[in-house]
Visitor: 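After the structure tokens below, expect a handful of questions from me.
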Amino acid sequence: MSQENTQTTEQVSSTDQEKHQTRMASKKAVVDARIAKATEERGVLILMRGNGKGKSSSALGTMARSAGHGMKCAVIQFIKGRRETGEYKFFKDHPLVDWHVMGHGFTWETQDKTQDIEAAKKAWALAEELLQDESYDMLVFDELSYMFKYKYLEVEPAVKALQNRPKHQNVIITGRTMATGLQEIADTISTIQDDKHAFRLGVKAQAGIEF
Ligand code: ATP
Ligand code: MG
């Protein structure tokens, strides 16, 4: 038996305790230094992208966090999926949340490009209004990124509107891919990776999980 293994539990745990304390103290110093450096107070632009599940639910979870603090929020859904999702049912009557669904109900099934572009422009006009409205603290533009991918909207004016928004306003944009212009002006970008998904195991989309 090695000497180490013959130590009593008490001895081992006190050595462990010391090591742990030293490690944590140096970690705390690093974290404290970083916190001391982050002094700016302003709204941020967050991009939730990638092929994994969790982009919209993360955006709306963050919005719930804002609403919890009494902040005024709005959602624009640029692609209309299911008519009544759980999140829509949950937030629609919330006094601090305005929920907008893009015009005529664009879905993957629509094939009328002219109508889609018209609806995208209308939804973006609303987005621009919200981006000039100081009373909103948090805006979620769900699936906005597809509008640029399919060239329904131009990136440059959107970038400008986002840059000129009220300083305190937070914006979250979701979508699998993100235009370079958006990435350039974003403060936080999280890419959700698709490591595994129940759908590929044959599990049916279910209420409370998928919608
Ligand atoms: P969620 O709304 O659950 O956060 P999401 O916003 O990341 O998902 P979308 O690309 O908007 O994902 O897809 C919308 C729908 O497809 C949701 O019902 C979601 O659960 C489901 N989904 C997301 N990613 C995958 C995937 N990799 N494979 C199969 N279905 C997925
Ligand atoms: Mg989504």
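Atoms within a ligand are numbered from 1 in the order they appear, just like the ligands themselves. All values below were derived from every heavy atom in this structure, side-chain atoms included, with hydrogens, water molecules and symmetry-related copies excluded. Sequential numbering from 1 along the given sequence is applied to the chain's residues.
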Visitor: Does Glu210, backbone or side chain, put an N or O under 3.5 Å from an N or O of ligand 1?
Guide: yes

Visitor: May I ask you to identify the nearest protein heavy atom to atom 12 (O) of ligand 1, giving residue, atom name and distance to one decimal place in Å?
Guide: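 Going by distance alone, atom 12 (O) of ligand 1 is nearest to Lys55 NZ, 3.4 Å.
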
Visitor: For atom 11 (O) of ligand 1, what is the closest protein heavy atom, and at what distance to 0.1 Å?
Guide: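 Answer, as residue, atom name and distance: Glu143 OE2, 2.9 Å.
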
Visitor: Using only atom types and a distance under 3.5 Å, with no angle test, would you say the side chain of Thr174 pairs donor to acceptor with the backbone of Glu143?
Guide: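 Between the backbone of Glu143 and the side chain of Thr174 there is a qualifying donor-acceptor contact (under 3.5 Å).
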
Visitor: I'd like to check which ligand 1 atoms, numbered from 1 as shown, lie under 4.0 Å from a non-hydrogen atom of Asp194.
Guide: 27 (N)

Visitor: Using only atom types and a distance under 3.5 Å, with no angle test, would you say the side chain of Asp137 pairs donor to acceptor with the backbone of Lys72?
Guide: yes

Visitor: Evaluate Gly54 for polar contact with ligand 1, using N/O atom pairs at a separation under 3.5 Å.
Guide: yes

Visitor: Tell me, which protein residue and heavy-atom name are nearest atom 2 (O) of ligand 1, and how many Å apart are they?
Guide: Ser56 CB, 3.5 Å

Visitor: Find out whether Val140 and Met138 are in side-chain contact, i.e. whether some heavy atom of one side chain is under 4.5 Å from a heavy atom of the other.
Guide: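 Sidechains of Met138 and Val140: in contact.
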
Visitor: Could you tell me how the ring of Tyr150 sits relative to the ring of Tyr152: parallel (under 30°), tilted (30 to 60°) or perpendicular (over 60°)?
Guide: tilted

Visitor: Is there a protein heavy atom less than 4.0 Å away from atom 29 (C) of ligand 1?
Guide: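 Given the 4.0 Å cut-off, atom 29 (C) of ligand 1 counts as touching protein heavy atoms.
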
Visitor: Using 2.8 Å as a strict upper limit, say whether an N, O or S atom of Ser57 approaches the Mg ion (ligand 2) that closely.
Guide: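 Of the N, O and S atoms in Ser57, none lies under 2.8 Å from the Mg ion (ligand 2), which means no.
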
Visitor: Between Asp187 and Arg42, does at least one N-O distance fall below 4.0 Å, as a salt bridge requires?
Guide: yes

Visitor: Residue-level breakdown please: for Asn51 versus ligand 1, do any non-hydrogen atoms fall below 4.0 Å on the side chain, on the backbone, on both, or on neither?
Guide: backbone

Visitor: Is the backbone N or O of Gln206 less than 3.5 Å from a side-chain atom of Glu210, with the two atoms forming a donor-acceptor pair by type?
Guide: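 At least one qualifying donor-acceptor pair exists.
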
Visitor: Given Arg176, Lys53, Glu87, Gln193, which one has a non-hydrogen atom that is nearest to atom 10 (O) of ligand 1?
Guide: Arg176

Visitor: Report all side-chain donor-acceptor pairs from residues 93-102 shorter than 3.5 Å, counting only partners two or more places apart or in another chain.
Guide:
| residue | atom | partner | partner atom | Å |
| --- | --- | --- | --- | --- |
| His94 | ND1 | Leu96 | N | 2.9 |
| Asp98 | OD2 | Tyr136 | OH | 2.5 |
| Trp99 | NE1 | Gln77 | OE1 | 3.0 |

Visitor: Less than 4.0 Å is my threshold; does some heavy atom of Met48 fall inside it relative to ligand 1?
Guide: no

Visitor: Determine, counting only non-hydrogen atoms of the protein, whether one lies under 4.0 angstrom from atom 16 (O) of ligand 1.
Guide: no

Visitor: Under a 4.0 Å heavy-atom limit, does His197 contact ligand 1 with its side chain, its backbone, both, or neither?
Guide: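 Contact part for His197 vs ligand 1: side chain (C-beta onward).
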
Visitor: Nearest 0.5 angstrom please: Lys149 NZ to Thr177 OG1, how far?
Guide: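 It comes to 4.5 Å.
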
Visitor: Please report which non-hydrogen protein atom sits nearest to atom 1 (P) of ligand 1, along with the residue it belongs to and the distance in Å to one decimal place.
Guide: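 Among all protein heavy atoms, the one nearest atom 1 (P) of ligand 1 is Ser57 OG, 3.6 Å.
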
Visitor: Between Arg165 and Asp133, does any side-chain N to carboxylate O distance fall below 4.0 Å?
Guide: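 Judged by the 4.0 Å cut-off on N to carboxylate O distance, Arg165 and Asp133 do not form a salt bridge.
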
